[in-house]
Every structure is written in structure tokens, then in C-alpha cells.
Protein chains: 2
Amino acid sequence: MSPSRRHSDPQPTLATVAERAGVSRQTVSNALNNPELLREDTLAKVRAVIAELGYTPNRAARQLRTRSSHMIGLRFEEAQEGTSNATMDRFVHTLVEATARTGHHIVLFAGDPDDPLDGYDELLRATAVDAFVITDTYAGTPAADLLSRVGAPYVTFGRPWDDPSARHPWVDVAGAHGARLATEHLLEVGHARVAWLGWEAASRIGEDRRAGWEAAMAAAGTSTDGLGVRITDNVDAARMAAHELLEDPTVTAFACASDTLGIGVLHALAERGLRPGVDVGVVGFDDSLGAQVTWPGLTSVRQPLEQVAIEIVDLLHTVLSHKTVTEPARMLEPTLVVRRSTLRDSAR
Amino acid sequence: MSPSRRHSDPQPTLATVAERAGVSRQTVSNALNNPELLREDTLAKVRAVIAELGYTPNRAARQLRTRSSHMIGLRFEEAQEGTSNATMDRFVHTLVEATARTGHHIVLFAGDPDDPLDGYDELLRATAVDAFVITDTYAGTPAADLLSRVGAPYVTFGRPWDDPSARHPWVDVAGAHGARLATEHLLEVGHARVAWLGWEAASRIGEDRRAGWEAAMAAAGTSTDGLGVRITDNVDAARMAAHELLEDPTVTAFACASDTLGIGVLHALAERGLRPGVDVGVVGFDDSLGAQVTWPGLTSVRQPLEQVAIEIVDLLHTVLSHKTVTEPARMLEPTLVVRRSTLRDSAR
DNA sequence: GGTCTCGTGTGGAACGTTCCAAGACTAGAT
DNA sequence: ATCTAGTCTTGGAACGTTCCACACGAGACC
């Protein structure tokens with residue numbers, strides 16, 4: 001607890017503490033940063049004074065001297081309206097918590113949506129942040145390229161799809177594995193012809209997930225001819241695509257590249273009077289709030305975002321302490337959260 | 001545009017620029033902060049060198065000298081799982097954009113969920129932030145009280161419910177007005193007995209919104225006896241409450257204190273085979289992603305979060321420039337977004 | 001011609017911390 | 001008694017910026 005203190009009071013500084021404790025500035029600094037250098041009684045005395053005055057080192061001064069701000073930059077992209085993908089929210093929160101443990105803070109910045117590089121350079125040149133976390137590797141990694149060029153440290157959430165020569169640290173979730181889990185689950189509960197609703201072919205993430213569906217179908221010995229669809233991530237597009245696929249009565253299940261698409265399928269079912277789970281199975285992707293609250297509950301692939309954040313912070317820590325990163329690429333596995341959109345028994 | 005530069009190159013400083021331009025450090029500083037003090041040709045020359053070297057002032061040094069970090073602290077609370085309220089996401093994004101325009105950045109920090117004060121003190125004592133934005137005024141304003149006590153600047157999103165003597169700047173959205181809009185809309189499309197699903201009485205926001213419903217009902221001359229329910233913000237609680245209210249066949253519409261509750265009502269309708277909009281009207285609150293994607297679309301009260309962020313930044317700016325705030329309390333009005341959960345004609 | 005003002009520009013000092021090289025003290029060895 | 005090694009502590013300098021007091025020259029005024 002800090003003692004109550006009015007704003008008008010002067011902030012205690014290192015010098016204040018030193019004088020009060022009868023030691024030099026450097027000794028107080030050591031008490032904070034290299035306590036093992038001090039004799040026990042000196043350390044105790046200094047710490048007592050620090051606590052008494054409620055002293056906290058001035059970040060600006062420390063930053064100026066050490067050239068390290070303990071701030072991590074994150075370009076904050078907004079979830080698109082009309083999609084259910086509020087993944088960012090949960091991820092950012094876990095990232096904030098994970099960085100707090102190492103004494104770092106997250107600085108958000110905005111950028112021109114049309115310029116993926118906007119904002120990075122300015123923070124970097126002002127030495128306002130030590131490193132960046134890059135989340136948007138959907139459309140290649142222009143920001144990562146920029147940072148590599150100027151030698152700034154960073155970690156990406158998302159693997160470097162286009163660049164096999166990339167050597168930067170990254171954390172990602174095995175989307176193909178997730179889609180495979182989803183498809184296998186649908187096959188297990190008795191569906192045979194599982195359709196795939198995915199994104200346009202330009203999306204590497206989308207193609208990766210689709211590959212998981214194809215693998216599961218191949219393992220089951222079922223052809224995927226005419227079952228895979230590529231559309232935009234949008235409820236209505238999914239609804240219409242589902243209507244079309246449902247014209248074929250053998251199609252009784254949908255694995256989707258996102259919850260948005262899964263919810264679109266649920267719309268189509270509602271309009272056709274089909275019962276989710278009982279008549280048609282649906283699995284989404286991301287375990288968004290939408291999947292959780294939509295009727296009757298959408299089974300979904302959940303990314304371990306908490307673990308992703310922890311791994312990212314660990315990598316950042318390694319990079320920032322100038323150690324060599326022994327394991328710069330980390331792939332995590334998603335899990336399946338089963339809800340009623342894949343439960344077949346009607347006695348629910 | 002900055003010229004490409006390797007990390008190993010020394011960062012240009014004020015002194016570098018001064019030497020190159022043949023002027024003193026102070027002149028360069030003035031070119032940046034008080035350009036009107038310089039003669040035109042001097043200014044042009046300095047600016048040219050700044051651009052040539054890609055110079056950006058070091059934030060730490062500036063912060064140390066001016067005692068102003070240009071950072072705004074925001075305690076980032078996570079949306080609860082199982083609710084559809086991802087309001088924070090949209091608000092934070094607009095806040096980041098609005099602060100960027102004044103050269104400020106948002107620093108996120110976490111805190112012990114059980115201690116509403118956790119985290120503030122540390123950032124403050126380290127002079128890491130200039131001010132705070134407080135979003136959680138649901139449970140009184142303990143954080144605001146702390147900051148007032150130590151004289152730290154802050155602006156809250158949410159009025160000071162419990163403390164009529166509070167004089168701090170705040171921005172809020174008139175929840176009662178929103179609920180009134182919702183209820184009037186339901187009455188207009190032909191419903192007579194409009195039920196209210198709200199939060200527990202302890203929630204000041206919930207009671208405020210409820211008051212809007214009561215006002216609209218009173219204006220229509222309809223009694224609210226037995227129509228108002230107080231429950232927790234949870235899909236299932238709303239679903240069960242709706243089932244109970246629907247036992248009374250005269251109840252044909254629901255105004256809700258949140259989208260989560262509204263979605264719960266939609267669940268009950270689905271289970272009863274009632275058609276949203278056609279048989280029973282439902283309005284939610286917050287215009288969350290859930291309201292947008294859920295079937296068949298949930299009419300909802302939308303808060304002008306973009307405008308809220310802009311007003312907050314404006315207030316912050318005023319407070320930080322030590323001007324007196326002429327208008328410290330700003331109330332904004334929400335709008336109604338109509339979707340199919342309140343459309344009666346079946347030819348939809 | 002001297003003083004005053006105004007518009008510009010200057011160099012020293014300061015913000016609060018950590019780095020650095022060296023000083024002081026203690027204890028053991030010569 | 002002196003030296004040596006090790007432990008602990010010290011004061012000066014530096015990080016890059018802005019504040020401050022002042023210097024300079026040009027024109028205005030008495």
C-alpha cells in the first residue's frame with residue numbers, strides 16, 4: 001500500500017530515498033535492480049525507506065538511460081461489424097495480463113486500414129516501445145518485413161505464410177488440426193457428407209483450415225466433390241451457400257472456417273425449419289461470443305488464446321534479453337467445444 | 001516517409017539535426033514545438049534536415065523534461081464469456097483513433113478483478129501516464145475516488161451514480177432514453193403489453209434503463225404491473241424469465257437491458273415455436289455483434305461509442321492543458337437499430 | 001547618440017535514472 | 001605492520017530533451 005499523497009507533494013526520487021536512508025543514489029538503484037550486490041542490512045534499510053516514501057522509479061528517466069521502455073506496441077484492429085469475430089478482445093486481455101507479469105505494458109496504436117505499415121515507424125523512432133506484437137498475418141507480413149528491415153524486435157501471432165525463409169519468432173494455432181477435429185466430430189455423430197464453408201482462396205488461413213477438413217474426409221474415404229465452398233466471411237453469404245448445398249438431401253453437416261459462417265448456416269436451418277444438431281450438424285471456428293449465445297449453441301473450435309499470449313510474451317522476453325531464441329516457432333493445438341448444434345439426440 | 005535505416009545506425013538526435021542545420025539545439029526544439037518563434041527561412045531549413053534524417057524526438061527524454069508522457073492509461077476488462085457484450089472492443093478502437101489525433105497513446109493495464117484500484121497507483125507513481133480513462137462505473141467509482149484523492153487527471157465513461165457531489169469530467173449515454181426508444185418502437189408496431197427484462201436492482205445503469213421503459217409505458221397509459229423482471233445478465237436466465245412471462249398470452253413484446261437478455265428471449269421463442277418479430281417483438285441493448293448476427297437479427301439500442309470516445313478525448317485534452325473544464329458532464333443519446341426481431345409483416 | 005523594445009537565436013542547467021571507474025572498508029595472508 | 005583480494009559503496013558523467021536567462025542586431029523613440 002502506498003501512503004496517501006497529494007498531487008502537489010513532490011514525487012520522491014532516488015535522491016530523496018538515498019538521503020533519507022543515508023546511502024548514495026547508486027546504492028538505492030542497486031537495491032532495486034541488483035539487490036544481490038548489497039549487504040543484507042543495507043538492503044533492508046533502503047527497502048524500508050522505499051516503502052515508507054512510496055517510491056516508484058520514474059519510467060521516463062529509466063527509459064532514457066537504459067534505452068528500454070518496457071512497452072510493447074500492438075496495432076489494434078477493430079472487429080468488423082456483422083461478423084462475430086471478437087477474438088481480438090480475449091487475446092488482448094490475456095496479452096495484457098501476461099506482459100504485466102514481466103513488468104511490460106501494452107501500447108495500442110491505430111493505423112490507416114489501407115496501410116498495414118502505418119504507425120510502426122513513428123513509435124519505433126521515438127523509442128516509445130521496445131518491441132511489437134503483430135497479429136495480422138492474414139495478408140502476408142508487410143509489417144514484419146518492415147520491422148525486420150530496421151532491426152526492431154517483434155513476435156507475430158500467425159505463421160509467416162508466404163515466406164519460408166522467415167526466421168522471426170512466431171506463435172500460431174494449427175487451424176488445419178482444428179478443422180479436422182470439427183469434421184471428425186461430425187462424422188462421429190453419424191453424418192457422412194460433411195460440407196465445408198470457407199473463405200476465398202486468397203486466405204492462407206482459410207486454405208489451411210480447409211485442408212484439415214479435406215484430410216478428415218479423405219481418412220473417412222468420402223469424396224469432397226461439390227462439398228467445399230469458398231465465400232466471404234459474412235452471415236448472409238453463408239446462409240445462401242447453405243441453402244444451395246441443402247438442396248442435396250445427403251448433405252447433413254457443415255464445418256465452417258468461422259463462427260460467422262456457422263451462424264449463417266444456422267440462419268438457413270431456421271428458415272428451412274430444420275433442427276440444428278438433430279437434422280443438420282454445424283461447427284464453427286473461434287468459439288466467439290456469438291457461438292456461445294446463439295440459439296441453440298454453436299459447436300466451435302476454440303483457439304488457446306491464453307496460451308498463445310503466454311508463449312508470445314515468453315518469446316518477447318527472450319528476444320529482448322538478446323538471447324538467441326532456441327525455438328522461434330511454436331504451434332499450438334485448438335480444442336473442440338461441443339454445443340447443441342452437433343447434438344443429435346432430441347431429448348436434449 | 002522515413003528513409004530506410006538500419007538498427008545499428010545511431011538514432012539522430014536533436015543535436016545531430018542542429019549541427020547539420022547549423023543552428024543550436026534550442027532552435028530545432030522550437031521548430032518542433034514553437035515554430036512561430038522562428039524566422040521562415042530558418043524554420044524551412046531545420047524542417048528540411050529533420051525530414052532528411054528521419055528524425056523523431058525521443059519520447060523518454062521529452063517525457064523526463066516536460067513531465068508528460070502523452071500516454072493515457074486504460075484498465076482493460078475482459079468481456080465475460082457467455083454474454084454478448086463486446087462493447088469494449090469497439091470503444092477501445094475508437095478511443096485509440098481519437099487519442100492518436102492529439103498525439104496520445106493508450107496504455108492498457110490489467111488489475112486484480114477483485115480490486116478495482118489495482119494497477120492505477122503504480123502507473124501514476126512511475127509517471128508512466130498523464131491521465132486515465134475509467135470505463136467501469138457500474139459498481140460506484142472507487143478508482144475515480146482514488147485518482148481524485150491523489151489529484152490525477154481522469155475522465156470516466158459513465159456518470160457518477162452514487163456521488164452527486166462529484167465534479168470530475170464524464171461522458172455517458174442516456175440509457176433511460178434508449179430504453180424509452182425501444183419501448184416506444186414496440187408500442188408503435190402494435191404491441192400493447194411490453195415486458196422488461198433488466199438487471200438486478202443494485203445496477204444503477206440497469207435501473208436507469210428500466211426507468212425509460214416505465215416512462216414509455218406510463219405515457220402510453222399501460223400498467224407495468226407484473227411486467228418488469230430483474231435477473232442476472234445471462235442468456236439462460238433471460239430464456240427462463242421469458243418462458244414465464246409468455247405464459248400470459250397478452251405479453252407480446254420484450255424490451256431488454258442488454259443484447260444478452262434479448263438473445264435469451266429469442267431462445268425462448270425458438271423453443272416455443274414463436275416467430276420473432278411476427279408473434280413477439282424483442283429489443284436488446286448495445287448493438288453488439290451478437291445482436292447483428294443472431295437469427296433473425298435483434299433490434300437493439302446502439303450507443304454512439306465513436307462520439308463518446310471523441311468527447312472523452314476532448315475532455316482529457318482540456319483537463320491536461322490545465323484549462324478549466326467548462327462543461328465537465330456530457331450526455332449523449334443512443335439510437336435504435338431496427339432488425340427483424342421487431343418487424344411484424346411476415347412478407348420479410 | 002543613447003536607451004528601449006522587439007524579434008531571433010544561443011548556451012548552460014536541469015529532469016531522474018543507470019553506467020562507470022574508483023574509493024573505503026573488512027578480513028585474511030605475508 | 002603491510003599487502004592483497006574481495007565486498008560494498010561512492011560521486012561524476014551521460015542519456016536527449018526543454019526551460020531559463022541572456023546575447024545580438026535592427027529599428028523606434030526620446
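Owing to the predicted nature of the structure, the values given are computational and were not obtained by experimental measurement. Letters go in sequence order (proteins before strands), and every chain restarts at 1.
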A.B. asks: Checking B/H104 now: which residues fulfil ring pair (Phe, Tyr, Trp, His ring centres under 6.0 Å) with it, not counting sequence neighbours?
C.D. replies: B/H70

A.B. asks: Which atom pairs link the protein and nucleotides 26-28 of chain C when you take only N or O atoms and keep those under 3.5 Å?
C.D. replies:
none

A.B. asks: Can you sort out the partners of A/R25 under salt bridge (charged side-chain N to carboxylate O under 4.0 Å, His left out), two or more places apart, ordered by chain and number?
C.D. replies: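 A/R25: no salt bridge (charged side-chain N to carboxylate O under 4.0 Å, His left out) contacts found.
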
A.B. asks: With sequence neighbours left out, what residues match B/F132 under ring pair (Phe, Tyr, Trp, His ring centres under 6.0 Å)?
C.D. replies: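 Result, ring pair (Phe, Tyr, Trp, His ring centres under 6.0 Å) vs B/F132: B/F109, B/Y120.
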
A.B. asks: Between the side chains of A/R149 and A/D145, is the shortest nitrogen-to-carboxylate-oxygen separation below 4.0 Å, so that they form an ion pair?
C.D. replies: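 Salt bridge between A/D145 and A/R149, a charged N being under 4.0 Å from a carboxylate O: no.
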
A.B. asks: Go through the structure and list residues passing side chain to side chain contact (heavy atoms under 4.5 Å, CB included) with B/D41, not counting sequence neighbours.
C.D. replies: B/R39

A.B. asks: Any side-chain donor paired with an acceptor under 3.5 Å for A/H168 and A/T156?
C.D. replies: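 A/H168 vs A/T156: donor-acceptor pair found between side chains.
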
A.B. asks: Using a heavy-atom cut-off of 4.0 Å to chain B, what are the terminal contacting nucleotides of DNA chain D, in 5' to 3' order?
C.D. replies: D/dG16 to D/dC20

A.B. asks: Rounded to 10°, tell me the angle between the two end axes of the helix from C/dG1-D/dC30 to C/dT30-D/dA1, each built from five pairs.
C.D. replies: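 What I find for the helix from C/dG1-D/dC30 to C/dT30-D/dA1 is an axis angle of 70°.
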
A.B. asks: Using a 4.0 Å cut-off on heavy atoms, which residues in residues 23-34 of chain B reach DNA chain C? List them by number, or say none.
C.D. replies: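 Only B/V23, B/S24, B/R25, B/Q26, B/T27 qualify.
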
A.B. asks: Under the salt bridge (charged side-chain N to carboxylate O under 4.0 Å, His left out) test, which residues partner B/E97, sequence neighbours left out?
C.D. replies: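 Partners of B/E97 under the salt bridge (charged side-chain N to carboxylate O under 4.0 Å, His left out) test: none.
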
A.B. asks: Tell me every residue that passes salt bridge (charged side-chain N to carboxylate O under 4.0 Å, His left out) with B/R20, counting only those two or more places apart in sequence or in another chain.
C.D. replies: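 With sequence neighbours excluded, B/R20 shows a salt bridge (charged side-chain N to carboxylate O under 4.0 Å, His left out) to B/E52, given in chain and number order.
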
A.B. asks: Could you give the CG-to-P distance, from A/L38 to C/dC25, as a whole number of Å?
C.D. replies: 18 Å

A.B. asks: May I ask you to decide whether B/D118 forms a salt bridge with B/R75, counting only side-chain N to carboxylate O separations under 4.0 Å?
C.D. replies: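 No salt bridge links B/D118 with B/R75.
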
A.B. asks: Does any pair with a residue in residues 27-67 of chain A pass ring pair (Phe, Tyr, Trp, His ring centres under 6.0 Å), and if so which ones, sequence neighbours excluded?
C.D. replies: none

A.B. asks: Taking atom P of C/dG12 as reference, at what distance in whole Å does atom CZ of B/R65 sit?
C.D. replies: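 Roughly 16 Å, once rounded to whole Å.
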
A.B. asks: For B/V129 versus B/I72, what's the shortest heavy-atom pair and its separation?
C.D. replies: CG1-C, 4.3 Å

A.B. asks: Sequence neighbours left out, what passes salt bridge (charged side-chain N to carboxylate O under 4.0 Å, His left out) with A/D130? Give chain and number order.
C.D. replies: none

A.B. asks: When you measure from the side chain of A/T99 to the backbone N and O of A/L95, does any donor-acceptor pair fall under 3.5 Å?
C.D. replies: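 Flag set: sc A/T99 to bb A/L95 pair under 3.5 Å.
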
